[in-house]
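Just below is one structure, and these are the notes that go with it.
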Amino acid sequence: MNYIGISSGFHDAALSVIDDNGNILFAGHSERYSKHKHDKHLSMGIVEDALSHCNSKDIEIHYYERPWMKFLRQIRSGEKPKLSSLLVKDTIGTGLLHKLQDGCGGKVHTHNHHLSHAAAGFQTSPYDDATVVVIDAIGEFDTISIWNAYYDKNGIATYKKLWTKKYPDSIGLFYSAMTERVGLRPLDEEYILMGMAAYGTSKSIDKMSTALIESYKDITFKDNLHTGVSTDFLEDVDEMSIATNTQLIAEQLIMNVISKAKMLSVSKNLVYGGGVALNCLANRLLGDYYENIWIMPNPGDAGSSLGAACLGYRKRVNWSDSFIGHCIEGSYPTNDILDRLLSDRIVGVASGRAEFGPRALGNRSLLADPRGQEIKDKVNEIKRRQKFRPFAPVILEEYVDDYFDMPRGFNNSRYMQVIARCRHPQLFPAIVHHDGTSRVQTVPKDGSGIRELLEKWYILTGCPMLLNTSLNIRGEPMVNDREDADRFEKLYNVKVIS
Ligand SMILES: [Fe+2]
């Protein structure tokens, strides 16, 4: 049996496959095949790629949310949903579903949206039991949920819901509303607002709090922020300070949820999911409550395709890393990358299986020597993004404490889940943000290509880290296949090695 999990219809459609032994055969994002960023629809490209990784004709399909519940919420909130969104076959796409259903008898199992988030986190985690916290913009009705999760004597994952917050009170919708207020795209550019937070002041935080928050303790808001705030909201406050205040308010609300979870469940292990778990700045505070923390690399809705498949499989899956997407065949070109790094200081790599999640972790990356003053501008010339945004470091895990003060609860950050203070910002200005922190990726001794590269780079230079940013053409999703890599190389005149 193969369990196919699907998330689609809202944003970031994705598809995952697990086999009967708990092996993750494939997990990928539709956008990387269609080349439409945040594509909400599946496409034939991803369906065919996923099917090529299946090892059984016996297939069960699991969908990450309950369309009719979502429809009901949309009606109640005054939206005008299309009748077709009630039917999961229309949401997935009839033609694609037929292709997937060949052999599965047609049934599509649907699951609660927040439960799919919870399963994506818990069943990929190393824990036998956990407190699971899910915070996102909106599921069907839930916007925050706290669960107790454990495996029963037969190894079946069991979830008990302990607490929820319902629409329209939502930390995710609040953050997205503020993202839109400063002129960025909601449900896309929240990470830019997070980066802006380092530049503002918190002088006007009381004003913002008073205008928006009904109760920090109960996590309630004065208005429904689903439709955003007016364009003149806090018009006398600069955008950077709006970002600062948004981040600080969000952190306080998130930590109130975590503190509530700590009171409701006795487990020492925290599994944290939902799109808000991508806020790596807020995540630094989680260790004040939990010693053991697991945030899977794709905690947003795309990752819930894996969660839905996990709910079909029901047991712990064999998680090793996030390189489970499209495969560019061939061994990792370590020596060629090193040669380029030494001669040009910048090189692209597109090799092996693509990362499942929003971050490039070494297989679809633009890598650079992080040392010195001028490298940031050089990489920015290629990426053409806001100059205030730094790039991320990827470092041999055993050296992380020599270069970064990791926050409590995190002795590693294998999927860039958390920020850490850089101990030598003057030596590595390209990977340090305005507030002195970096979004660190640590690489263990896992036999991966990026591990071998870093080891050799360290022997040659004495530096155990590289600058790592995603390999993508501006406005497009991350490079997926060899053709994308070739287009990148031609467009930017930067060697991309496969
Ligand atoms: Fe979600």
Side-chain angles (χ1 to χ4, degrees), residues 5-16 27 29-31 38-42 62-74 77 79 81 85 88 91-92 110-124 132-147 149 159 161 163-177 179 185-191 219 225-226 250 253-254 257 261 271-280 282-283 294-311 356-358 417:
I6 293 172
S7 61
S8 67
F10 182 38
H11 60 98
D12 296 301
L15 202 156
S16 301
H29 298 252
S30 190
E31 62 168 19
H38 303 296
D39 195 345
K40 64 179 180 177
H41 301 296
L42 291 180
H62 291 263
Y63 191 66
Y64 84 124
E65 64 183 7
R66 300 213 149 115
W68 65 273
M69 285 282 283
K70 184 173 168 182
F71 185 86
L72 203 61
R73 188 260 301 158
Q74 287 173 319
S77 64
E79 294 171 65
S85 66
V88 74
T91 310
I92 295 172
T110 61
H111 301 277
N112 172 275
H113 184 109
H114 270 223
L115 180 59
S116 295
H117 277 303
F122 180 59
Q123 286 171 246
T124 57
V132 183
V133 173
V134 177
I135 309 178
D136 66 359
I138 189 166
E140 291 95 354
F141 283 92
D142 293 342
T143 60
I144 306 171
S145 59
I146 300 173
W147 310 72
Y159 298 89
K161 197 189 268 187
W163 184 86
T164 62
K165 180 57 63 181
K166 305 279 184 206
Y167 176 86
D169 293 311
S170 163
I171 298 172
L173 288 179
F174 155 67
Y175 210 93
S176 291
T179 300
R185 279 193 303 276
L187 291 176
D188 180 6
E189 296 183 326
E190 280 76 4
Y191 64 99
I219 305 135
L225 296 173
H226 198 175
L253 292 166
I254 294 165
V257 176
V271 168
Y272 180 32
V276 175
L278 286 165
N279 191 313
C280 54
N283 290 351
W294 170 254
I295 303 169
M296 66 95 80
N298 203 357
D301 283 358
S304 288
S305 64
L306 185 58
C310 284
L311 289 169
F356 184 49
Q417 300 108 316

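Each residue takes its place number in the sequence, starting with 1. In each ligand, atom 1 is the first atom listed, and ligand 1 is the first ligand listed. These numbers were taken from a predicted model, which means no experiment stands behind them. Both backbone and side-chain heavy atoms feed into the values below; hydrogens, waters and symmetry mates do not.
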Between Ser116 and Glu65: side-chain donor-acceptor atoms closer than 3.5 Å: no

Residue list, side-chain hydrogen bond (donor to acceptor under 3.5 Å, both in side chains) with Thr143, at least two apart or on another chain: none

Protein-derived N, O or S atoms lying under 2.8 Å from the Fe ion (ligand 1), waters excluded: 4

Verdict with reasoning, Lys166 to Asp142, per salt bridge (Lys or Arg N to Asp or Glu O under 4.0 Å): CA-CA 4 Å; Lys166 305 279 184 206; Asp142 293 342; 2.6 Å; yes

Atom of Ser304, atom of His117 and distance for their closest heavy-atom approach: OG-ND1, 3.1 Å

Sole residue of Asp12, Asp39, Asn298 in side-chain hydrogen bond (donor to acceptor under 3.5 Å, both in side chains) with His29: Asn298

Between His111 and Tyr63, ring centroids under 6.0 Å: no

